[in-house]
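In this text, all values refer to a predicted model and were calculated from it rather than measured experimentally.
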Amino acid sequence: MNALSVWLELIIIAGAIAFSGSRLSKYGDVLAEKTGLGRTWIGLVGLAIVTSLPEMVNGFSAVLWVHAPDIAVGTLLGACVLNLAILAVADLLYTPGPVLTAADRGHILASAFGVIMLGVVTLGVMARSPLADFNLAHVGASAPVLLICYLVAMRATYRYQKRERKEYLKDHEEVLLYPHLSLAQSVRRFSAHAVVVMAAAFWLPEVAHNLAGIMGWHLSLVGTVFVAMATTMPELVVTISAIRLGAVDLAVGDLLGSLMINVAMIGLMDLIFLPGPLLKAVGPEHAGTGAMALVMVGIVIAEMMYRPQKKTMRWMSAGAFILVFLYATHVLIQMMAA
């Protein structure tokens, strides 16, 4: 197998993910309307779960079949960093002003939980961290913490959005944007494209492993940069589609929700990684990826709190520019370390 055929296979898989991912945004918006859960909640949970399927399948396959924990953790943490960088794309496409200013404040709550979860993972990877010596059989102490934190985050954001929606409907009448589509139709179409995304993602770990061997790259580089780019294709396509629909909360919710799901998946994969705690089996360079994601989430929270009314750089807000700069720096560091 030569390098060209492996690259071609990766491009085909990414293309399949992008095709079905482009349909998810519309039907996610329909589900938000038909279920009454709102764009923020559907983005954080429903849409994020589907668009994160490539990372999930890739991670579980890397742990169970390829036996490459570096690819699993690297892909998930790399996807977190890339998801935050995609917020800059949303900001670029959203012409009325900074996209995070237009986003609902409920995303700040989700971001705060994201900080907690990323902090737990980063500590777990560090060799001399407080979590390094605490294990439960073959499972690290960080695994149950991550899973419980994710469940608490979803419950908290649901209750917050429910309260906000109730207050909004007291003074406003709900406008239906998709009266021609039923809930059943939306669920069927949404599910069909979700299956395509998951099926395309199933072969990603093997492709990444072959790519690492042929190109002579370090496994963490492939997982953190190249496979992360392929598996975050649904988030990118959904974000662009949601912004074009004017569904800012759907786009921001999908990206932040995907971040939390990706981190929670590290805890779930730890449960099935029998050789020992997952975070002890990976390279220490992943702590740098976790730290970068922490800094980027901090930038997101700061801009949502400050809520600037105009873009500092004409086409892009200051926060979005910093996110792009940090991601570029991260990729450069990973390539230099490979």
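Atom CZ of R159 has 12 or fewer neighbouring heavy atoms from other residues, nucleotides or ligands inside a 6.0 Å radius. Heavy atoms of other residues, nucleotides or ligands lying less than 6.0 angstrom from CZ of F60 number more than 12. Within a 6.0 Å radius of OH in Y158, no more than 12 heavy atoms belonging to other residues, nucleotides or ligands are found.
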**Request:** Check step by step if side-chain contact (heavy atoms from CB on, under 4.5 Å) holds for V300 and L323.
**Result:** CA-CA 8 Å; V300 171; L323 291 176; 4.1 Å; yes

**Message:** Pair V263, C80 - check side-chain contact (heavy atoms from CB on, under 4.5 Å), show working.
**Reply:** CA-CA 8 Å; V263 181; C80 291; 3.7 Å; yes

**Request:** Just do the side-chain contact (heavy atoms from CB on, under 4.5 Å) check on R244 and L93 with the steps written out, would you?
**Result:** CA-CA 8 Å; R244 288 178 176 174; L93 295 175; 5.7 Å; no

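Using a 4.5 Å cut-off on side-chain heavy atoms (C-beta onward), D254 and L250 make no contact. By the 4.5 Å heavy-atom criterion applied to side chains, V252 and L44 are not counted as neighbours. A heavy-atom distance below 4.5 Å is not found between the side chains of L255 and L84. L151 places none of its side-chain heavy atoms less than 4.5 Å from the side chain of R155. In this structure, H107 and I301 have side chains that are not in contact, with every pair of non-hydrogen atoms separated by 4.5 Å or more.
Using modelled atom types, one side-chain atom of R307 and one backbone atom of A103 make a donor-acceptor pair closer than 3.5 Å. Side chain of D270 to backbone of G140: a donor-acceptor contact under 3.5 angstrom is found. Judged purely by atom type and a 3.5 angstrom limit, D91 has no side-chain atom pairing as donor or acceptor with the backbone of L87. D249 places a side-chain N or O within donor-acceptor distance of the main-chain N or O of D104, the cut-off being under 3.5 Å. Looking only at distances, no side-chain donor or acceptor of N83 sits under 3.5 Å from a matching main-chain atom of E235. Between the side chain of E33 and the backbone N or O of V30 there is no donor-acceptor pair closer than 3.5 Å. A donor-acceptor contact shorter than 3.5 Å links the side chain of T157 to the backbone of M154.
One distance of note links OG1 of T40 with CG of L47; it measures 12.0 Å at 0.5 Å rounding. Put simply, CG on L279 and NE2 on H286 are 9.5 Å apart, with the number rounded to the nearest 0.5 Å. Atom-to-atom distance recorded for L278:CG and L271:CG is 10.0 Å, nearest 0.5 angstrom. Here CD1 of I49 is found 10.5 Å from CE of M260. Values are rounded to the nearest 0.5 Å. Between the CG atom of L100 and the CE atom of M305 there is a distance of 13.0 Å, given to the nearest 0.5 Å. Going from atom CZ of R188 over to atom NE2 of H193 covers 12.5 Å, rounded to the nearest 0.5 Å.
Under the 3.5 Å distance criterion, with hydrogens and angles disregarded, no donor-acceptor pair is assigned to the side chains of S317 and T312. Residues T101 and E303 have side chains that never bring a donor and an acceptor to within less than 3.5 angstrom of each other.
Here the closest non-hydrogen pair linking N262 and A79 is ND2-CB, 3.6 Å. Of all the heavy atoms in V282 and P69, the pair that sits closest is CG1-O, 3.6 Å. Scanning all heavy atoms of the two residues, the minimum distance from G319 to I299 falls at O-CG2, 3.7 Å. Contact detail for D29 and A247: the closest heavy-atom pair is OD1-CB, 4.1 Å. Of all non-hydrogen atoms in S258 and A48, the two that sit nearest each other are N-CB, 3.4 Å. Scanning both residues, T289 and G78, for their nearest heavy atoms gives CG2-N, 4.0 Å.
Partner of E9 under the side chain to side chain contact (heavy atoms under 4.5 Å, CB included) criterion, chosen from I11, I13, I12: I13.
In terms of hydrophobic clustering, with Ile, Leu, Val, Met, Phe, Trp and Tyr side chains grouped at heavy-atom distances under 4.5 Å, I148 and V115 are assigned to a common cluster. Each of I243 and M316 belongs to its own hydrophobic cluster when Ile, Leu, Val, Met, Phe, Trp and Tyr are linked at side-chain heavy-atom distances under 4.5 angstrom. With hydrophobic clusters built from ILVMFWY side chains whose heavy atoms lie under 4.5 angstrom apart, V195 does not share a cluster with Y27. Note: the hydrophobic cluster containing V152 also contains V297 (ILVMFWY, side chain heavy atoms under 4.5 Å, direct or indirect links). Clustering ILVMFWY residues whenever any of their side-chain heavy atoms sit less than 4.5 angstrom apart, transitively, puts I108 in the very cluster that holds M117.
Geometrically, R23 engages F19 in a cation-pi contact defined by less than 6.0 Å to the ring centre and at most 45° from the axis.
The aromatic rings of H330 and Y327 sit tilted, their planes meeting at an angle between 30° and 60°.
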